[in-house]
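Here's the structure we're looking at; comments come further down.
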Amino acid sequence: MIQMQEILEMSVAERILMIEKIWDSIDHNTISTPDSHQQELDKRLDRYAKGETSFVSWEDIKGELNAAK
């Protein structure tokens, strides 16, 4: 088993790759969504269905950020 000191001696890129491998090894079907998260998702979907919310494209956001510089 890998020791914490070995992890800390890795480069940032190596640690990120390790995190990705760990994440990919998890069976995501075994993870449940917390009730508070599900309630928030349901609330947002309801607002979307009622036309009470709008969306902004990533391109528009990047444009606004670049214009603010």
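Computed from a prediction, not measured in an experiment: that's the story for all the values here.
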(message) The test is side-chain hydrogen bond (donor to acceptor under 3.5 Å, both in side chains); show your working for Gln39 and Asp35 and say whether it passes.
(response) CA-CA 6 Å; Gln39 290 168 2; Asp35 288 339; 5.7 Å; no

(message) Between Glu64 and Ile61, does the side chain to side chain contact (heavy atoms under 4.5 Å, CB included) criterion hold? Intermediate values first, please.
(response) CA-CA 5 Å; Glu64 288 180 25; Ile61 293 171; 5.8 Å; no

(request) Tell me whether Met10 is reachable from Ile19 by hopping between hydrophobic residues (I, L, V, M, F, W, Y) whose side-chain heavy atoms are closer than 4.5 Å. (result) no

(message) For the OG1 atom of Thr53 and the CG atom of Asp46, what is their distance to the nearest 0.5 Å?
(response) 11.5 Å

(message) Within the supplied structure, the quantity of interest is the number of heavy atoms (other residues, nucleotides, ligands) at a distance under 6.0 Å from Lys62 NZ; does it exceed 12?
(response) yes

(request) Would you give the length of the straight line joining atom CG of Leu45 to atom CD of Gln38, rounded to the nearest 0.5 angstrom? (result) 8.5 Å

(request) Looking only at non-hydrogen atoms, find the nearest pair between Met18 and Ile7 and report the distance. (result) SD-CG1, 4.3 Å

(request) Taking atom CZ of Arg44 as the centre, report whether more than 12 heavy atoms of other residues, nucleotides or ligands fall under 6.0 Å from it. (result) no

(request) May I have the step-by-step check of side chain to side chain contact (heavy atoms under 4.5 Å, CB included) for Lys69 and Leu65, ending in yes or no? (result) CA-CA 7 Å; Lys69 287 183 180 180; Leu65 291 172; 5.8 Å; no

(request) Under the salt bridge (charged side-chain N to carboxylate O under 4.0 Å, His left out) rule, collect the residues that match up with Glu14, sequence neighbours excluded. (result) none

